[in-house]
Structure formats: C-alpha cells, structure tokens
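Everything on this sheet refers to the single structure shown next.
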There are 2 protein chains.
Amino acid sequence: MSDGDGRTRRRGEELIRAIHAAALAEVREVGVGRLTMDGIARRAATPRSTLYRRWSDPVEVLLDALYHSHPVEEPTPGADDLRGDLIQALRLMVEWAFSPAGLAVAGILTDPGSAARMSEALQEKVFAVRGGTFTATVLRHYAERGHFPAERLTWVVLDLGEALVTKWVIDKGCPPGEAELADIVDQAILPAIGLSGG
Amino acid sequence: MSDGDGRTRRRGEELIRAIHAAALAEVREVGVGRLTMDGIARRAATPRSTLYRRWSDPVEVLLDALYHSHPVEEPTPGADDLRGDLIQALRLMVEWAFSPAGLAVAGILTDPGSAARMSEALQEKVFAVRGGTFTATVLRHYAERGHFPAERLTWVVLDLGEALVTKWVIDKGCPPGEAELADIVDQAILPAIGLSGG
DNA sequence: CAACTAAGCTACAGTTGTGTATCTAATTCT
DNA sequence: AGAATTAGATACACAACTGTAGCTTAGTTG
C-alpha cells in the first residue's frame, strides 16, 4: 500500500500517518514532558520543516495523532448476559488503554503542561471515551431492561470497573488478565448493583 | 528557626530542605519530564554547583525529596465504626495525594524515564504507602474482629476505595469531597464485603 | 509535458540545560 | 583567633532543541 513501489518520497496522508505514529511512539518512550519536534521528526524520518508546516509544537502533533487514531470499540450488550458483557466491556477498555493512543492519553492526563490543552479540542473525542463509556453502556442497557434498579446507577457504580482496572495497571504496570477482570465484575460491580453472585 | 536571624547563607539541613521543597514545587509545575537541575536550583535560589555536589540529576533530587518527605499518616481504626473509619482512611489518602509528595509520586508513576528508577530505593517508603495501606488497614482490623468474613478481603475489595478516589481525581482534577467519600464507602466498599447499608 | 505543490536537505542563530572548574566569603569547629 | 568547610557567584565548552529560511527535486495535476 505504501512501501516497495518505486516512490522515494512520502506525501499527504501517508506521510502524516507516519508522523502520527512517530508522535505516539515517541511519547510512549520519553513521555509528554520530553516530547520534541526534533524527536518526532527524527523518528518519522522527515525534516523538522515538514512538521512546522502543519503544527506549531510537539503537543499539537500528539493531539492531532490522537484525534486521528482509531475510535475505541464500543461494547455492544448482547444476549442477556450481564456478567459476560461487563467483562467484555472491561476487556475493550484494557485493549484501548494499552494501545498507543491509550498510553498517550494516560501520559497527557498527568502532564501539567498539556492537561489544560486537552480540554479544548479533544474532550469530545477522547475524554468522552475515557470518562467511562465501557461498563456504563452495559450497565445502562441492563438497568433499562429491569435486571436491577436504575437508582443504583450512581457515579460510583459506573466508574467501578474502570477505576479498578486503572489501579491495577498503575500498580502492576501490566494489563489485568481474564481472572482479574472477572474478579472485578464478581466482587465489586455485581455486589454494588445488588446482584451478589447471580 | 531559619529566617530573620543575622545569617545570610543557608547550610546543611536548612539548605537541603529548601532544595527538596524546590524540587517538589518544580515537578508540580513542569512535570517529571521537564524537571531540570537548573530549574530546581533557580527555584531554591542556589547555584547549580550546590546541587551537583550532592545529586547527579534532577530525578535523584526528587527521589531524595520524597524520601525525606513526611510519612503518610496511617489510619487508626477506632471505636467500632467501620463506615466512619473507612471514610477517614480515604480522607487521609486524599490529603496525601494532594500533598507535594503525593503529586510528585503521581507524576513519577506515569513517566517512562523515571518509573523504573522508582522501584529501586523508594519502593519501601513510598510504594508501600501508595499500594493501599489506607482502607486496607481498616478493613483488616474489622475483619479480624469478625465484622465480616475475612475471605472477602480480596485485592478487589482492598483496592476499591483507593481506585475510586484515584479515578475521581484523574477525571475531575480536584479532590473528592465528604459526600463522594461517603458514596464510595456506602455504594462500593460496604456492598462488596456484604454489608449493604448497615 | 509544463506548472505547481510539497517533501527533503542543509544551514544558522538563538535559547536552555549540562557538567565542571575556579574563586570568594560566610559559617562552623577546634 | 585560626583552620576547615561549604555556600555562593561566575564562567566555560558542549549538547539538544527551536524556529526560520533557502534551495533542490520528487510527485501530482491540468
């Protein structure tokens, strides 16, 4: 699609995708704080001038990369299986969190310099996702169908799964496995909505 | 103890405390990634040479500052009030998390460059604390006294409170208030240990 | 094929941070 | 009081990154 044909010079879309990828890789390696135009350019094997033609600083590049990253897959609650659907929702969250985009967002959220700029353009796209559309989608689905009282859909309950996954990742530095996701659902979410095991 | 007397030049302990404070202030403002000897020195109003005499790079200074920061207050479970003690434990956690040391640790944990070095010397002092000694202390206390079955002390239950506080802080950027702490205890922790309201 | 666009290359001056070194003078110790 | 420390004030060469600018040339478009 891009390599191997006679061309020696990338342009447009292709080049930009390479730069986006470079920005995400770079932030993963050095963190948002040490992100530089130079580093991104070097990694993308393109001159800095190409970057400056489009963006004014490294965080701009990163935000643009995030904006163009694949959207997060949404959980699609299915066949009357609340427990299974919750686990699946958390699985999707983990998958996203360890994607280049997810890791970049994590970095941005704790960076004093860029946390503010995040609010502007990206809240719609990235924040909405991060805010907890994973288990919340599933929980709302089953509450509407009367599997448990809708009054239990408080912020605590809606955040529970994502919060525990996040803490695991921070503590352990690696994604939780199937067993841990099941633990979270069985020992925290289900009890909190009054379904202590079934 | 230090200001106002005739002295014009800080030495030893006093100077070091100023440098530690500068490092913590600096990391709060620019993040771990942009921490520099220069920045710390400027903020502490001391020449860089003074820093290099003791530390070899900015992260060393920061780790040393953390090591010498006040230890976290531990929750002391008291008069047969599980709910109140849990809320108090979370209150202590929030207090620590928003202290200079807490903010610095948060920054370090998500910085690719310094996350590794953290493991070495500081795991004992700072990690142990962060790992969740807040609600865990309280929960173990009451489990031992038979207020609820000890089998429910799983990692999920022990992390629940801290996880939800952390998520609140990341999402909202501000400390949770009393109402939120109560929500966490009432809607997540107590149900998870089988005490759904009383 | 000609004209245009935009990537690639190189250079440059300016800024910030790095380590090191040297000298001075304030504070402490004996 | 005199000696030993050690903070404070420079200064320096080096490196990385910044923006900007000029030029060349590959690729696209009419």
Side-chain angles (χ1 to χ4, degrees), chain A residues 1-23 25-27 29-65 68 107 111-114 117, chain B residues 1-23 25-27 29-65 68 107 111-114 117:
Chain A
M1 195 206 270
S2 62
D3 265 353
D5 47 15
R7 284 178 303 181
T8 71
R9 200 176 275 196
R10 297 161 301 178
R11 278 172 88 97
E13 271 297 302
E14 182 190 355
L15 177 61
I16 290 185
R17 265 187 285 108
I19 293 172
H20 285 164
E26 193 73 5
V27 79
E29 198 158 291
V30 304
V32 185
R34 267 188 274 275
L35 205 58
T36 64
M37 288 300 228
D38 209 56
I40 299 172
R42 242 183 296 119
R43 192 182 286 264
T46 198
R48 281 203 315 282
S49 33
T50 302
L51 296 193
Y52 281 113
R53 269 168 205 141
R54 268 174 248 266
W55 304 280
S56 55
D57 75 83
V59 176
E60 287 291 314
V61 186
L62 178 60
L63 292 178
D64 203 41
H68 288 90
D111 181 68
S114 41
R117 308 170 56 182
Chain B
M1 198 210 265
S2 63
D3 265 355
D5 48 16
R7 286 178 303 180
T8 70
R9 201 176 272 194
R10 297 162 300 179
R11 277 173 88 98
E13 272 295 303
E14 183 190 352
L15 177 61
I16 291 184
R17 266 187 284 110
I19 293 171
H20 284 162
E26 193 73 6
V27 77
E29 198 159 291
V30 305
V32 185
R34 267 187 275 273
L35 204 59
T36 64
M37 288 301 226
D38 209 56
I40 298 171
R42 243 183 294 119
R43 192 182 285 263
T46 198
R48 280 203 316 280
S49 32
T50 302
L51 296 194
Y52 282 113
R53 269 171 207 139
R54 269 175 247 267
W55 303 281
S56 57
D57 76 82
V59 175
E60 287 290 314
V61 186
L62 178 59
L63 292 178
D64 202 41
H68 287 91
D111 182 69
S114 42
R117 308 170 56 180

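Proteins come first, then strands; the chains are lettered A, B, ... in the order of their sequence lines, and each starts at number 1. Reckoned from all heavy atoms, side chains included, excluding hydrogens, waters and symmetry mates.
Partners of A/Glu29 by side-chain contact (heavy atoms from CB on, under 4.5 Å), not counting sequence neighbours, listed by chain and number: A/Arg43. Residues passing the side-chain contact (heavy atoms from CB on, under 4.5 Å) test with B/Arg34 are A/Asp111, B/Val30, sequence neighbours excluded. In this view, B/Pro58 and B/Leu35, B/Met37, B/Ile40 satisfy the side-chain contact (heavy atoms from CB on, under 4.5 Å) rule, not counting sequence neighbours. A/Arg42 pairs by the side-chain hydrogen bond (donor to acceptor under 3.5 Å, both in side chains) definition with A/Asp38, not counting sequence neighbours.
Using the six-membered ring where Trp is involved, A/His20 and A/His68 have ring planes that are parallel, under 30° apart on the 30 and 60° scheme.
Between A/Glu14 atom CD and C/dG8 atom C1' there is a gap of 14 Å when expressed in whole angstrom units. One interatomic measurement links the two molecules: CD of B/Glu13 to P of C/dT27, which rounds to 18 Å at whole-angstrom precision. Atom-to-atom, CG of B/Leu15 to C1' of C/dT27 comes out at 13 Å; the value is rounded to the nearest Å.
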Atom pairs under 3.5 Å: protein N/O with N/O of nucleotides 13-16 of chain C:
none

Give me, pair by pair, the N or O atoms of the protein and of nucleotides 2-5 of chain C that are less than 3.5 Å apart, along with how far apart they are.
residue	atom	partner	partner atom	Å
C/dT5	O2	A/Arg11	NH2	3.2

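B/Ile19 is listed as a side-chain neighbour of B/Trp55, based on a closest heavy-atom distance under 4.5 Å. Contact check for A/Ile16 versus A/Arg54: side-chain heavy atoms found under the 4.5 Å cut-off.
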- Base-pair map of DNA chain C as dot-bracket, where | denotes pairing with a different strand and pairs are Watson-Crick or G-U under 3.5 Å: ||||||||||||||||||||||||||||||

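Among all heavy-atom pairs drawn from B/Asp57 and B/Val59, the shortest one is OD1-N, 2.9 Å. Here the shortest heavy-atom pairing between A/Val27 and B/Pro112 reads O-CG, 4.1 Å. Of all non-hydrogen atoms in B/Pro47 and B/Ala41, the two that sit nearest each other are C-CB, 4.2 Å.
Applying the 4.0 Å criterion to OP1 and OP2 of D/dG8, one finds that B/Thr46 has a side-chain N or O inside that range. Contact annotation: A/Thr8 side-chain N/O to D/dA26 OP1/OP2 distance is not under 4.0 Å.
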- Test side chain to side chain contact (heavy atoms under 4.5 Å, CB included) on A/Glu26 and A/Leu62 and set out the steps. CA-CA 9 Å; A/Glu26 193 73 5; A/Leu62 178 60; over 6 Å; no

- Whether each nucleotide of nucleotides 19-25 of chain C has a protein heavy atom under 4.0 Å at its base (B), only at its sugar-phosphate (S) or at neither (-) is summarised, 5' to 3', as BBB---B

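Across all strands, A/Arg34 comes closer than 4.0 Å to no nucleic acid atom at all (heavy-atom distances).
For the atom pair A/Thr46 OG1 and A/Leu51 CG, the distance stands at 6.5 Å (nearest 0.5 Å).
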